[in-house]
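Quick caveat: nothing in here was measured; it's all calculated off a predicted structure.
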Amino acid sequence: MNELSADAQLSDWRKLGLKLKEVREYLTLSQQYVSDRTGIPRSAISDIERGERKLDSLELKKLAGLYRKPVGYFLDEDGASSAGDHAIAALMRNLTNLTEENRKAVQAFAEFLAQDKASNGDRS
């Protein structure tokens, strides 16, 4: 492995760590809370978030589950997808388990939200 690819790989670990930290902080979870819920030592959570420690797929799965994000949210390489893209995909997966009546209720609620946003102006 040449020096450039080692630096790029390290940068990937830093990006992953930063994304994990951003989500944890957004959810206002402490590193200790995350440690208690996942079984990953608090010091390891800190090292992962700084990009100084690699994490295995099982650890990432635990963190993603706690943060209620798909694992893919943390692994996107192109950076083109957003949290909203993943939320839409999760919604689509969940819709398949609903009754037809419940799917219609979700559709009606989505239409209500769209109308509310349009009547109040786009404040996002």
Side-chain angles (χ1 to χ4, degrees):
M1 181 182 293
N2 66 33
E3 186 176 325
L4 180 59
S5 62
D7 287 344
Q9 189 176 37
L10 184 57
S11 177
D12 288 344
W13 288 111
R14 283 191 187 125
K15 288 179 198 172
L16 175 59
L18 285 173
K19 200 162 200 177
L20 287 163
K21 181 178 180 178
E22 286 173 6
V23 173
R24 179 184 59 75
E25 288 179 343
Y26 176 79
L27 296 171
T28 64
L29 303 176
S30 69
Q31 289 180 344
Q32 188 60 54
Y33 179 88
V34 171
S35 174
D36 292 344
R37 296 299 179 271
T38 62
I40 302 169
R42 194 216 49 81
S43 60
I45 301 291
S46 178
D47 291 344
I48 289 166
E49 290 181 352
R50 288 192 317 270
E52 294 176 3
R53 178 186 179 275
K54 297 178 182 180
L55 70 160
D56 65 36
S57 59
L58 295 177
E59 290 171 326
L60 181 56
K61 186 175 178 180
K62 287 178 184 180
L63 292 168
L66 179 63
Y67 299 160
R68 298 191 181 261
K69 298 277 188 194
V71 170
Y73 174 77
F74 298 102
L75 298 177
D76 282 332
E77 293 178 0
D78 62 5
S81 63
S82 67
D85 295 334
H86 291 287
I88 290 169
L91 177 62
M92 296 303 292
R93 285 190 305 273
N94 288 317
L95 284 174
T96 62
N97 297 323
L98 298 179
T99 65
E100 183 62 28
E101 184 178 323
N102 287 342
R103 281 194 290 273
K104 287 179 182 178
V106 171
Q107 178 64 36
F109 184 64
E111 290 170 1
F112 165 78
L113 291 175
Q115 289 173 347
D116 183 59
K117 182 178 180 181
S119 67
N120 290 317
D122 187 356
R123 292 184 262 161
S124 55

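Test Leu55, Val34, Leu29, Leu20 against Ile45 for side-chain contact (heavy atoms from CB on, under 4.5 Å) and you get one pass: Val34.
Clustering ILVMFWY residues whenever any of their side-chain heavy atoms sit less than 4.5 angstrom apart, transitively, puts Tyr73 in a cluster other than the one holding Leu58. Note: the hydrophobic cluster containing Ile40 does not contain Leu18 (ILVMFWY, side chain heavy atoms under 4.5 Å, direct or indirect links).
Heavy atoms from other residues, nucleotides or ligands lying under 6.0 Å from CD of Glu100 number more than 12.
One distance of note links NZ of Lys21 with CD of Gln31; it measures 7.5 Å at 0.5 Å rounding. In this structure, the separation between OG on Ser46 and CZ on Arg53 is 11.0 Å, given to the nearest 0.5 Å. Taken to the nearest 0.5 Å, the OG1 atom of Thr38 stands 11.5 Å off from the CG atom of Leu60. For the atom pair CG (Asn102) and CG (Asn97), the distance works out to 11.0 Å, reported to the nearest 0.5 Å.
The minimum heavy-atom distance linking Lys61 with Val71 is given by the pair CA-CG2, 4.0 Å. Of all the heavy atoms in Arg14 and Arg50, the pair that sits closest is CG-O, 4.0 Å. Considering all non-hydrogen atoms of both residues, Arg103 and Leu95 come closest at NH1-O, 3.2 Å. Residues Ser35 and Arg42 approach most closely at OG-N, 3.2 Å, considering heavy atoms.
Asp36 pairs by the side-chain contact (heavy atoms from CB on, under 4.5 Å) definition with Gln32, not counting sequence neighbours.
Side-chain contact, Glu111 with Gln107: a donor N or O sits under 3.5 Å from an acceptor N or O.
Contact annotation: the side chain of Leu16 approaches that of Trp13 to within less than 4.5 Å [non-hydrogen atoms, C-beta and beyond]. Between Tyr67 and Phe74, some side-chain heavy-atom pair lies under the 4.5 Å cut-off. Within the 4.5 Å cutoff, no side-chain heavy atoms of Lys19 are placed close to those of Lys69.
Of the possible polar contacts, none joining the Thr28 side chain to the Glu25 backbone as a donor-acceptor pair under 3.5 Å is found. Proximity of a side-chain donor or acceptor of Gln115 to a complementary backbone N or O of Phe112 within less than 3.5 Å is not detected.
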